[in-house]
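Here's the structure we're looking at; comments come further down.
Just so you know, residue 1 is the first one in the sequence shown, and it goes up from there.
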Amino acid sequence: MNPGSSIVVVFLLALCPSTNAFVSPSASTPCSLQPSSLRMPPTSTALFMAKSKTKKKKSAASSGGLKGFGGSSKSSTKVAAAEGTIDRSKAALSFYKYLESNGAEPNLKRVGLGFFPLQIGPSKNDVIQLRGVIALRDIPKGDPIIEIPYEMAIDLGRESSDPTLPATSLLQKYCVWKSGSDGPPADKERGDYFAMLPEYMSEDCLGSTDFFSDKALEMLQSPLIKEETLSRKELVHSRYERDVETMAQMSSNLYRWSEEEVATESHLQWASWIITSRVLTVQGPPESGTANRLLIPLIDMCNHDRDSPHILTGRAMAGATLKVVAGEDVKTGDAINISYGGSVEGNDRFIQDYGFLDGGGSKERGKSEVTEAYKIVAKKLTGRNRALTKLTVDDQERALDALRATTLEEDEEMLNNGEIKNIDERSALEFRIGMKKALTGVL
């Protein structure tokens, strides 16, 4: 990560052997096409089925989804599945209907949105529910998990190294829906999808260095990440002054976050992070040689697994279908995950672009204290992998010197004493602990 290098904007997507392939020149956008929809038997979907008052025999699965998928009088309902639980909140139900009415109805028989337990600490109580995509039936290897019409995706234009340009387009579309201001009907109709995006300043985005405090950036002990983060913020500042602020002054309908408030620079920062963390770079028509940045509903809700075998395929062109194809047999209740960053990116990218630290793929989890995502960065900093190393010797030395400011033992004591409460500061501390452990094994 040279200070002068271009900013990463899209996740590296797994290339498919066919001519229909997702591509991504850099690594900072989810590379996933995954299904998540629920459907009922012939006339209705399991997603929309009201809870029956009559007890019925339990069954593992049916062609219309998971048995026991009941209704809810609350805002959110979770019903146990083989691995996770199904989300039937009001927002989720509206999203399923949105998929159904926009040509994605067949997917609803295969997958839905679900919650999966995630251990985040040593105690049995240190468990959170992570939302993702859940399989509603067995899906054989080679079959599509999800199929989304290209026309349903939000095409944000040609791929480039600057996330702020498509972010202005996304922010304007989001504002039309959020504020109810005048705008293209299509933007308002996307409201059920927009409602599923991570909320502004929610915990989802606060894990990214784009939202770190100055103290948290210093706590990373990574001058390279700090410099790139500050460069990204400067891009947002310039873009906001040049495009958003100017256009908002020219028209009262543009960039209205609410009836009373114009979108701020911080809102554009959030939109830029949405681009960096969720956009897929997809090849255009074969003869064009171009690639476009797409937001693909449902597909961008799949969680990350470095070891995911599933394949992304499709093109950014009229009439095309964007697919996630099963790379192995999928069982009812399984999480449908994809590999962000094409399985080659390290936690230096994950903490910046996605807002989390990769704790290891499903095949490596629990086998080593140091995950591959840290080893990748350690090899870059020490020049042990020439294919990955794009740093100057000076940058490598600066990065290693910064990590020597404290010892691993001191860092672990700081993490364990409970004094660090803020999300960004804990993430920074966990990152440098992981890096020191990885470097111990490399040096």
Taking C-beta and beyond as the side chain, do [X] and [Y] meet within less than 4.5 Å on heavy atoms?
X    : Y    : value
D424 : L206 : no
R110 : D143 : no
R256 : V262 : yes
E189 : P184 : no
F194 : I154 : yes
P297 : M196 : no
I275 : L170 : yes
L156 : L295 : yes

Drop me the distance from [X]'s [atom1] to [Y]'s [atom2], to the nearest 0.5 angstrom.
X    : Y    : atom1 : atom2 : result
I225 : N347 : CD1   : CG    : 9.0 Å
K173 : S169 : NZ    : OG    : 4.5 Å
E430 : L220 : CD    : CG    : 11.5 Å
M414 : R426 : CE    : CZ    : 11.5 Å
K323 : L312 : NZ    : CG    : 12.5 Å
T85  : Q129 : OG1   : CD    : 5.5 Å

- Item | Residue pair D358, Y340: steps toward the side chain to side chain contact (heavy atoms under 4.5 Å, CB included) verdict | CA-CA 10 Å; D358 183 2; Y340 298 2; over 6 Å; no
Please confirm whether the backbone N or O of [Y] pairs with a side-chain atom of [X], one donor and one acceptor, at under 3.5 Å?
X    : Y    : result
D138 : T332 : yes
S308 : D305 : no
R278 : D300 : yes
T281 : N292 : no
N107 : E147 : yes
R306 : E345 : yes
Q269 : E265 : no
D334 : A135 : no
D87  : S89  : yes
R432 : M219 : yes

- Output, in order, the C-alpha distance, side-chain angles, deciding distance and verdict of side chain to side chain contact (heavy atoms under 4.5 Å, CB included) for L294 and L322. CA-CA 10 Å; L294 308 182; L322 309 169; 3.9 Å; yes
Write down the atom of [X], the atom of [Y], and the distance for their closest heavy-atom approach.
X    : Y    : value
Q221 : A402 : O-CB, 3.4 Å
P286 : M317 : CD-SD, 4.3 Å
F212 : S208 : CD1-O, 3.2 Å
A428 : A216 : CB-O, 3.4 Å
V236 : L268 : O-CD2, 3.6 Å
A271 : L171 : CB-CB, 4.1 Å

Do other residues, nucleotides or ligands put more than 12 heavy atoms under 6.0 Å from [X] [atom1]?
X    : atom1 : answer
D214 : CG    : no
Q249 : CD    : yes
E234 : CD    : yes

- Among all residues two or more places apart in sequence or in another chain, which pass the side chain to side chain donor-acceptor pair (under 3.5 Å) test with S181? S179
- List the steps, then state whether side chain to side chain contact (heavy atoms under 4.5 Å, CB included) holds for D210 with C205. CA-CA 8 Å; D210 287 343; C205 60; over 6 Å; no
- Please test D192 against K97 for salt bridge (Lys or Arg N to Asp or Glu O under 4.0 Å), starting from the C-alpha separation and ending with a verdict. CA-CA 9 Å; D192 292 327; K97 291 179 181 178; over 6 Å; no
- side chain to side chain donor-acceptor pair (under 3.5 Å) with R232: of D353, D162, T209, only one passes, and it is D353
- Note on the structure: The side chain to side chain donor-acceptor pair (under 3.5 Å) partner of T164 among R242, H237, R239 is R239
- S251 and N253: CA distance, side-chain angles, deciding distance, side chain to side chain donor-acceptor pair (under 3.5 Å) verdict: CA-CA 5 Å; S251 172; N253 284 324; 4.7 Å; no
- Task: Mind telling me whether H304 and F350 have parallel, tilted or perpendicular rings, with 30° and 60° as the class edges?
- Result: tilted
- Item | Verdict with reasoning, D155 to Y150, per side chain to side chain donor-acceptor pair (under 3.5 Å) | CA-CA 9 Å; D155 193 327; Y150 163 72; 2.6 Å; yes
- Item | Criterion side chain to side chain contact (heavy atoms under 4.5 Å, CB included) on W257 and T264, from CA distance to verdict | CA-CA 8 Å; W257 188 257; T264 65; over 6 Å; no
- Positive for ring-ring contact (aromatic ring centres under 6.0 Å, His included) with H267, one of Y200, W273, Y174: Y200
- E228 vs R349, salt bridge (Lys or Arg N to Asp or Glu O under 4.0 Å): CA-CA, chis, key distance, verdict: CA-CA 11 Å; E228 183 175 343; R349 292 255 54 92; 2.9 Å; yes
